[in-house]
Amino acid sequence: MAHPSQLGFQDAASPVMEELIHFHDHTLMIVFLISTLVLYIITAMVTTKLTNKYILDSQEIKIVWTILPAIILIMIALPSLRILYLMDEINDPHLTIKAMGHQWYWSYEYTDYEDLGFDSYMIQTQDLTPGQFRLLETDHRMVVPMESPIRVLVSAEDVLHSWAVPALGVKMDAVPGRLNQTAFIVSRPGVYYGQCSEICGANHSFMPIVVEAVPLEHFEAWSSSMLEEA
């Protein structure tokens, strides 16, 4: 999860997030090189006392500064489009979960099971136990098996919400009357935190998302215990 004075992204916990971080670094390097070149040209023009009359009206320079930006834009656009299609690709999910946004909590339904569903409320500050995070912990976590394609159907009951977990590279708007879908694969076991990313009212900051990734056998034991309780 994020920590104070953090400058970069959270550690990637899904293949898509790894691709997003690589694309960010790739684009940032291009921006850094362009900024360095522009700064050098400005410095050179301000400090030099020489004038080259052939540079003032050069056809070759005009060709270069027209073609070069086009090449740079292609270098950014192609990997961007690739990741965009990867994020929309949903192939044979092993588990489908419906996440419904409410004012102000999330409810989850495991649609592959008959009666597996629960509401997920934020744990109040006075009820936190040592080691739990304020404004991020919930009374029920969304438990998923690791290394399995998970599809999440996202909608809302009342107003606009947004289901987002940064470490998984997932962010999908929850729109009343509309069913959106997203997918992810968790690369390693762990607990991943997110929050509603759409301003949904007075308690917008108090409806966190907690995804717990566990090995498959642990997930099966958890689902069996939840069904027994139901």
> Of all heavy-atom pairs between Pro15 and Ser187, which one has the smallest distance, and what is that distance?
Replying inline: CD-OG, 3.6 Å
>> Do Ile185 and Val154 land in one hydrophobic cluster if side-chain heavy atoms of ILVMFWY residues count as linked below 4.5 Å?
In response: no
> Does any N or O in the side chain of Asp119 come within less than 3.5 Å of the main-chain N or O of Ser107, such that one atom is a donor and the other an acceptor?
Replying inline: no
>> In the structure I gave you, are the side-chain heavy atoms of Thr125 and Gln132 within less than 4.5 Å of one another anywhere?
In response: no
> Once you round to the nearest 0.5 Å, how far does CG of Asp92 lie from OG of Ser148?
Replying inline: 11.0 Å
> Between Glu229 (side chain) and Met226 (backbone), is there a donor-acceptor pair under 3.5 Å?
Replying inline: no
> Rounded to the nearest 0.5 Å, what separation is found between the CD1 atom of Ile150 and the CD1 atom of Ile97?
Replying inline: 6.0 Å
>> Test: ring pair (Phe, Tyr, Trp, His ring centres under 6.0 Å). Region: residues 19-45. Which pairs qualify, not counting sequence neighbours?
In response: Phe9-His24
> For the side chain of Thr66 and the backbone of Lys62, is there at least one donor-acceptor N/O pair under 3.5 Å apart?
Replying inline: yes
> From Tyr108 OH over to Leu153 CG, what is the distance, rounded to the nearest 0.5 angstrom?
Replying inline: 13.0 Å
> Are Met207 and Met100 grouped together when hydrophobic residues (ILVMFWY) are joined by side-chain heavy atoms under 4.5 angstrom apart?
Replying inline: no
> Just one of Val210, Val186, Ile209 clears the side chain to side chain contact (heavy atoms under 4.5 Å, CB included) bar with Tyr192, so which one?
Replying inline: Val186
> Do you know the tightest heavy-atom contact between Pro208 and Leu136?
Replying inline: CB-O, 3.5 Å
> Taking C-beta and beyond as the side chain, do Val175 and Leu160 meet within less than 4.5 Å on heavy atoms?
Replying inline: yes
> Heavy atoms, side chains only, cut-off 4.5 Å: are Met146 and Val214 in contact?
Replying inline: no
>> Using 30° and 60° as the class boundaries, would you call the ring planes of Phe184 and Trp163 parallel, tilted or perpendicular?
In response: parallel
> Are any side-chain N or O atoms of Asp112 and backbone N or O atoms of Thr96, one a donor and one an acceptor, separated by less than 3.5 Å?
Replying inline: yes
> Among the clusters formed by ILVMFWY side chains lying less than 4.5 Å apart, do Val165 and Leu95 turn up in the same one?
Replying inline: yes
> Rounded to the nearest 0.5 Å, how far apart are CG of Asn203 and NE2 of His102?
Replying inline: 15.0 Å
>> On a heavy-atom basis, which atom in Gln195 and which in Ser205 lie closest, and how many Å separate them?
In response: NE2-O, 3.8 Å
> So Phe219 and Tyr113, would you call those rings parallel, tilted or perpendicular, with 30° and 60° as cut-offs?
Replying inline: perpendicular
> Any sub-3.5 Å donor-acceptor pair from Gln103's side-chain atoms to Cys200's backbone N or O?
Replying inline: yes
>> Evaluate Glu228 against Ser225 for side-chain hydrogen bond (donor to acceptor under 3.5 Å, both in side chains), listing each step before the verdict.
In response: CA-CA 5 Å; Glu228 290 174 1; Ser225 64; over 6 Å; no
> Are the side chain of Thr48 and the backbone of Met45 linked by a donor-acceptor contact shorter than 3.5 Å?
Replying inline: no
>> If we ignore hydrogens and angles and just use 3.5 Å, is the side chain of Glu220 paired with the main-chain N or O of Glu217 as donor and acceptor?
In response: no
> Is Leu37 reachable from Ile71 through a run of I, L, V, M, F, W or Y residues, each pair having side-chain heavy atoms under 4.5 Å apart?
Replying inline: no
>> What verdict does the side-chain contact (heavy atoms from CB on, under 4.5 Å) test give for Lys171 and Ser162, after you've listed the backbone C-alpha separation in whole Å, the side-chain angles of each residue and the deciding distance to 0.1 Å?
In response: CA-CA 7 Å; Lys171 182 176 180 180; Ser162 186; 3.8 Å; yes
> What are the two closest non-hydrogen atoms of Ala174 and Ala156, and how far apart are they?
Replying inline: O-CB, 3.5 Å
>> So, taking the atom named CD in Glu137 and the one named CG in Asp127, what distance separates them when rounded to the nearest 0.5 Å?
In response: 12.5 Å
> Would Tyr85 end up clustered with Met17 when hydrophobic side chains under 4.5 Å apart are linked, directly or stepwise?
Replying inline: no
> Do Ser223 and Leu116 have side chains that get closer than 4.5 Å, going by heavy atoms?
Replying inline: yes
>> Using a 3.5 Å distance criterion without hydrogens, assess whether the side chain of Thr182 forms a donor-acceptor pair with backbone atoms of Met172.
In response: no
>> Using every non-hydrogen atom in the two residues, find where Ala167 and Asp11 come nearest and quote the distance to one decimal.
In response: CB-O, 3.9 Å
>> Atom CD1 of residue position Ile199 - does it have more than 12 heavy atoms of other residues, nucleotides or ligands inside 6.0 Å?
In response: no
> Would a line drawn from the ring center of Trp106 to the ring center of Phe206 be shorter than 6.0 Å?
Replying inline: no
>> Please determine whether salt bridge (charged side-chain N to carboxylate O under 4.0 Å, His left out) holds for the pair Arg82 and Glu19, giving the CA-CA distance in whole Å, both sets of side-chain angles, and the decisive distance to 0.1 Å.
In response: CA-CA 10 Å; Arg82 172 178 171 271; Glu19 292 289 337; 2.9 Å; yes
> Ser120 side chain to His140 main-chain N or O, any donor-acceptor pair under 3.5 Å?
Replying inline: yes
> Is there a donor-acceptor contact under 3.5 Å from the side chain of His204 to the main chain of Glu198?
Replying inline: yes
> Which heavy atom in Met142 sits nearest to a heavy atom in Phe118, and how many Å separate them?
Replying inline: CA-CZ, 4.3 Å
>> Can you confirm whether more than 12 heavy atoms, excluding those of Arg134, are under 6.0 Å from its CZ atom?
In response: no
>> Taking the side chain as everything from C-beta on, heavy atoms only, tell me whether Met122 gets closer than 4.5 Å to Leu135.
In response: yes
> Is there a side-chain contact (heavy atoms from CB on, under 4.5 Å) between Gln181 and Leu179 once you walk through the steps?
Replying inline: CA-CA 7 Å; Gln181 70 174 355; Leu179 201 62; over 6 Å; no
>> I need the single residue from Pro176, Ser197, Cys196 that forms a side chain to side chain contact (heavy atoms under 4.5 Å, CB included) with His161. Which is it?
In response: Cys196
> If you draw a 6.0 Å radius around CD in Glu114, do more than 12 non-hydrogen atoms from other residues or ligands fall strictly inside?
Replying inline: no
> What distance separates Thr47 OG1 from Ile42 CD1, expressed to the nearest 0.5 Å?
Replying inline: 11.5 Å
